[in-house]
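What you are looking at is a predicted structure, and each value in this text was computed from that prediction instead of being measured. Below, read A as the first sequence line, B as the second, and so on, with proteins coming before strands; counting in each chain starts at 1.
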2 protein chains.
Amino acid sequence: MKSKDNASETLAKGLKILDLFGVSDAGYTLNQIAGRVGINKTSVYRYVNTYCELGYLQRDERTRLYKLGVRSLALGHAMLENSEIVRLVKPLVDEAHERHNVHVDVGIVSGDAIYLIYRRESKYTTAFRSFSYASDLYYLATGKAAMAYMEPEELRQLVERLELHPKTDKTITDKQELLEELRRVTELGYSYNNEESVPGLIAIGAPLYSLRTNKVIGGVSFDSATDTHTMKEFERLYSTYLVELAKKISAVVSL
Amino acid sequence: MKSKDNASETLAKGLKILDLFGVSDAGYTLNQIAGRVGINKTSVYRYVNTYCELGYLQRDERTRLYKLGVRSLALGHAMLENSEIVRLVKPLVDEAHERHNVHVDVGIVSGDAIYLIYRRESKYTTAFRSFSYASDLYYLATGKAAMAYMEPEELRQLVERLELHPKTDKTITDKQELLEELRRVTELGYSYNNEESVPGLIAIGAPLYSLRTNKVIGGVSFDSATDTHTMKEFERLYSTYLVELAKKISAVVSL
DNA sequence: AACAGTCGTTCCGGTGAGAGGAACAGTTCG
DNA sequence: CGAACTGTTCCTCTCACCGGAACGACTGTT
């Protein structure tokens with residue numbers, strides 16, 4: 001184990017387990033958990049036991065698998081309700097969602113990842129419920145919008161340590177190509193996701209600013225499916241609303 | 001420290017900190033955290049550092065206080081989205097909320113506590129946003145409804161280890177009185193919360209069953225304010241809808 | 001300028017909680 | 001019946017955690 005100072009390795013390992021339950025509703029067996037997080041079974045056993053005793057995890061009575069406990073759900077719910085940023089973003093996204101009947105995602109950048117903190121689905125996108133709560137930036141509309149508006153030096157360093165793994169056959173895997181695309185984003189004011197993360201899923205994204213610090217904090221996207229809209233259609237119909245929404249959100253979020 | 005076997009004390013302590021951030025949107029200082037959770041400052045420092053490095057917590061740039069990080073929000077959001085029970089409950093509660101324009105709470109019992117896993121507010125109750133995600137059962141409409149329909153032996157044991165602390169001057173603090181009230185609940189089919197948790201806040205609650213095991217799993221409540229409805233009015237207007245909603249939820253939730 | 005009161009941070013020594021390999025028992029599968 | 005799972009316990013070793021104390025950096029008070 002690489003030992004960073006001033007941090008609890010035990011806690012960090014324990015959190016990796018909780019993390020696992022954020023990406024899937026399916027239950028896990030003890031060995032599966034141990035395998036996924038890369039910790040030996042005995043330790044995982046102790047951690048999982050701790051979670052269960054406290055109510056964060058519980059065992060499904062039928063399948064005997066470990067799954068999320070009520071306490072995690074309640075805690076998650078409470079965190080969202082109490083979070084200032086979610087409380088500010090929610091009504092604006094809801095309004096846009098209801099008015100234009102479109103799928104909306106809001107992602108916030110932290111470290112080298114973008115985190116999905118709010119989503120409103122449309123009937124066209126429910127088929128694509130691939131729900132990873134944390135993603136790399138380079139294959140998402142929200143992420144590319146955020147990258148495009150980063151400070152040049154920040155972006156340079158990010159791209160340098162980036163590894164471009166293809167999610168689909170349309171994922172951009174060349175750094176030069178990515179940088180050129182990002183330049184086009186700044187000209188246009190919004191980004192594309194042209195089936196780069198999931199086949200059949202397209203999106204346009206716009207950056208979210210903090211007007212106080214003038215720095216990018218994330219992105220917002222409208223999503224649709226290729227059998228519903230072509231990219232050109234989708235762009236023509238919604239891009240102005242998207243940019244408008246992004247500005248509204250940026251205005252109320254004074255991080 | 002009392003040492004329970006097969007559990008990680010370090011992880012348990014670390015989770016107490018995360019828990020703290022579920023009950024309030026206010027930031028905390030390191031010493032405040034240490035005080036609240038009852039752990040010495042140095043350990044808390046290590047835990048908090050771990051959380052920050054991983055993005056679960058972050059420091060507010062202005063106030064320098066520790067607050068929830070984006071990762072926690074995204075994880076919470078993901079857990080709720082992925083949770084089967086939330087996904088089942090949500091549409092039913094939303095429908096009732098929109099049709100009757102009333103505040104709805106859904107609580108699930110785990111251990112000796114009831115956890116709020118979904119809420120839709122009305123304009124009458126927003127003033128009361130006291131948001132503790134886990135509560136004792138005896139002063140809530142959801143909790144009392146759940147208690148009333150527990151198996152006799154289970155209830156007896158629960159009441160035995162109960163300590164009835166008054167939350168308001170109307171909170172029931174006598175075990176005999178509580179048991180009598182619960183008996184009346186079973187006759188009526190729903191419970192009251194007559195300003196027993198927060199002054200000015202009233203509610204009626206109905207139990208949620210698992211039809212498979214025939215056991216209580218929680219409760220659902222409609223809430224209002226004393227300056228909007230008297231208890232009699234509120235009961236007359238909404239009790240049938242509440243019981244109806246509780247049955248619907250119980251039907252879809254086959255835990 | 002000296003003060004008291006915060007804040008987060010570091011240092012350090014003693015110890016016990018956690019690590020983790022191995023073997024366990026209980027089950028489902030074919 | 002064995003094979004492949006499951007969760008669980010036992011064991012020893014050691015290192016990561018504990019926690020009191022002292023630190024420097026700020027802030028506001030006198």
For a quick test of reading the model: is some side-chain N or O of [X] closer than 4.0 Å to OP1 or OP2 of [N]?
X	N	answer
B:Tyr47	D:dC18	yes
B:Thr10	C:dA17	no
A:Tyr45	D:dG7	no
A:Asn6	C:dT9	no
A:Lys13	C:dG18	no
B:Ser8	C:dA17	no
A:Asn40	C:dG21	no

Just the rounded figure in Å: distance from [atom2] of [N] to [atom1] of [X].
X	N	atom1	atom2	answer
B:Leu30	D:dA25	CG	C1'	15 Å
A:Ile33	C:dG20	CD1	C1'	17 Å
B:Tyr28	C:dG8	OH	C1'	19 Å
B:Ile39	D:dG20	CD1	P	13 Å
B:Ile17	D:dC17	CD1	P	13 Å
A:Asn31	D:dT6	CG	P	4 Å

- Query: Looking only at heavy atoms, what is the nearest atom pair of B:Pro199 and B:Thr168, with distance?
  - Reply: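 Closest approach of B:Pro199 to B:Thr168, heavy atoms only: CD-CG2, 3.6 Å.
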
- Distance from A:Gln58 atom CD to B:Ser110 atom OG, nearest 0.5 Å?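 Atom-to-atom, A:Gln58:CD and B:Ser110:OG are 6.5 Å apart.
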
- Does a donor on one side chain and an acceptor on the other come within less than 3.5 Å for A:Asn82 and B:Tyr133?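 Result is no, nothing qualifies.
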
- Query: Is there a donor-acceptor contact under 3.5 Å linking the side chains of A:Tyr118 and A:Asp105?
  - Reply: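 Result is no, nothing qualifies.
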
- Query: Taking atom types as they are modelled, is there a donor-acceptor pair under 3.5 Å from the base of D:dG20 to the side chain of B:Thr42?
  - Reply: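 Answer is yes: a donor-acceptor pair is held.
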
- Message: Both B:Ser43 and A:Arg59 contact DNA chain D. Taking the nearest nucleotide for each, which residue is further toward the 5' end?
- Response: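 Comparing both residues, the 5'-ward one is A:Arg59.
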
- A:Arg46 or B:Lys41: which one's nearest nucleotide on DNA chain D is closer to the 5' end?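 Upstream on the strand: A:Arg46.
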
- Which is true for A:Tyr66 with a 4.0 Å heavy-atom rule: it touches a base, it touches only sugar-phosphate, or it touches nothing?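 Since only primed, P, OP1 and OP2 atoms lie under 4.0 Å of A:Tyr66, the category is sugar-phosphate.
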
- Establish, yes or no, whether the cationic atom of B:Arg59 lies under 6.0 Å from the six-membered ring centre of B:Tyr66 and within 45° of the ring axis.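 Here B:Arg59 passes the 6.0 Å and 45° test against B:Tyr66.
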
